[in-house]
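So you know, we letter chains A, B, ... as the sequences are listed, proteins then strands, and number each from 1.
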There are 2 protein chains.
Amino acid sequence: MTPGRSVKAPREVAPPPSAAADDQLKTTRDRILDVSLDLFLEKGYDKTSLREIAEQLGFSKAALYYHFASKEDIFKALHNRLHALSLNNLSHLGDQTLTLRSWATLLDGFIDMIPANRKLLAMRERNRAAFDSLHDTLHKKDREDLDERLRSSFSDAALPVEQRIRMAFALSGVTGALIFSDESFQGLSDEELVREMKDRVHDALGVGPDPD
Amino acid sequence: MTPGRSVKAPREVAPPPSAAADDQLKTTRDRILDVSLDLFLEKGYDKTSLREIAEQLGFSKAALYYHFASKEDIFKALHNRLHALSLNNLSHLGDQTLTLRSWATLLDGFIDMIPANRKLLAMRERNRAAFDSLHDTLHKKDREDLDERLRSSFSDAALPVEQRIRMAFALSGVTGALIFSDESFQGLSDEELVREMKDRVHDALGVGPDPD
DNA sequence: GTCTATATTTCGATAGAC
DNA sequence: GTCTATCGAAATATAGAC
C-alpha cells in the first residue's frame, strides 16, 4: 500500500507502485489534471488553490501557467474529459424521441463507463455549482452537452409526468450513488456495481433489462 | 428604520407579494439566512460574497457581522436547518436494524418534507464539497447526523450487496432529482411530485407502498 | 444595529531570469 | 519548463463612530 505520509510531501502524491511508472509516461499537462482532479474531488474546486496543486506536483505555482492559462482553464480541461464521455453516449442516441427504453440504453452505456471514470464523475457531483458556473461562461449554442439534453427531456411537458420523474430519478440514482461508491462500496467489484446499478435503473424506468 | 424598498439592487429576488409582508415579521437574522440560501443555491457558496448578500438585503457588509460571526457561521446556520429536518426523520427510526422496509419509511418521510424545503435541499446538493468541508470542521462525535447514518448503512458489509445498492440508489434518486425539480418540474403540483417520488423509491427498494 | 473606513489575508496571475 | 519575486484584486473580518 501507499506509504503513511499523506502529508504535503513535495514530491510524491503517493501513487500505487504500478502507477508510478505510468506517471513517467504521462505529459506534465495530464499529471496536473490528475492531481487537480484528486484535489477538486477531495476539497472542492473553490477551496483548492493553485499553490496546493503545484505543491503536490513538486514544482512551483508559476510553472502551472506554462501549461494552463488559468485555474479555470484546468477546470475546463476536466470538463472536457467529461464531455468526451457524454459524446460517446449521445452517438448511441440519435434524434429519435426519447422513450423509457432509449433512456435505459443511454444510462446502461453511462454505467459501463463508471468504473474507469469514477473519480471524474464523483468530482462533478461534488462541484455542481462550480460546473454550472463554468457552463454559463462557455454559453455554448450547440447544446450537444449530455446534461443539457437530459434537462430538456425532463422539462418536456409533452411527456407524461410519470415518465419524466422516472428518467430524472434513474439518472440521479446513478450519478448520486457515485459519491458513495468509493468510500462505501469498497468491497464491491466493478462488475457487481455495474450490474446492480443497471438493475436499479431498469426498475426505476419500469422496463425490462436491455435485450442486447 | 426598516429600509422598506430602498433596495437599489440591480435585480429583484422577486418574492411573491404575500411574502413581502412576512419579511417584516422575520428577524434580520432569518432574512440574512433566506437571502444567503438563495445566493448559495444560485451561485454556489464559495462564489457568493458577503458583499452580495448585504447588497440584496439593503445594508452594508459590516452589518452582517453583528448577526453572524463569519461567513462560515451563516453556512452553519443553514446546515442546522437541514440538521433539524434530519432529526425529524431519525426519530421515526429507532436503533432497529435497517431493512429495506424501514428505509422506505425513512425516505417517505423525507419526501414529504421536500415541498416545504426544496431550496434548502437543492442548495445542499449543489454545494456538497462545501458541506462536507464544514462537516469535517465540526467533527461531531455524536454522529446523529442523517447523512452519517446513511453512509454507514451503505458501508455495512453485513448487508447484502444488492440491498446496499438499492438503498444508496433510492436516496440518490430522491436528492438528486431535487436539483432538477425547480426548473424542470415547474408544472407539477407538490402532490404529484411527492407521490411519484415515493413510487420510484419503492420500486428501487423492491418493496410495496407503505401500508400506513 | 448599522455605518464608514481600514486592516489582513489569500489567491490568481504576471514579469523576467535561468 | 521551471524558478523567484511581486503585483493587483477581491474577499473576509475588524475598529470605532453614530
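- In this structure, of C:dC3, C:dG12, D:dC3, it is C:dC3 that holds the atom nearest to the side chain of B:A63.
- Atom CD of B:E55 and atom C1' of C:dC3 are 16 Å apart (whole Å).
- The interatomic distance linking A:D30 (CG) with D:dG1 (P) rounds to 13 Å, in whole Å.
- To the nearest angstrom, C1' of D:dT2 lies 18 Å from CZ of A:R51.
- Atom OH of B:Y65 and atom C1' of D:dT12 are 4 Å apart (whole Å).
- Each of A:K61 and A:Y66 was assigned the nucleotide of DNA chain D with the nearest heavy atom; the assignment lying further toward the 5' end belongs to A:Y66.
- Distance, B:L57 CG to C:dT2 C1': 13 Å, rounded to whole Å.
- Which of D:dA13, C:dT4, C:dG12 sits closest to the side chain of B:S60 comes down to C:dT4.
- The CG atom of A:L64 sits 13 Å away from the C1' atom of C:dC11 (whole-angstrom rounding).
- Here the options are A:T48, A:L33, A:V35, the test is side-chain contact (heavy atoms from CB on, under 4.5 Å), and the partner is A:I74; only A:L33 passes.
- For A:H202 and A:D108, the side-chain atoms include at least one donor-acceptor pair closer than 3.5 Å.
- In this structure, of D:dT2, C:dT4, D:dC3, it is D:dC3 that holds the atom nearest to the side chain of A:A62.
- Formation of a donor-acceptor pair under 3.5 Å by the B:D190 side chain with backbone atoms of B:P115 is not found in this model.
- Between B:W103 and B:F169, the distance separating the two ring centers is not shorter than 6.0 angstrom.
- Counting to the nearest Å, the P atom of C:dA13 and the NE2 atom of A:H67 are 16 Å from each other.
- The nucleotide whose nearest atom lies closest to any side-chain atom of A:L50 is, among C:dA13, C:dT2, D:dT2, C:dA13.
- As rounded to whole Å, 16 Å separates atom C1' of C:dT4 from atom CZ of B:F59.
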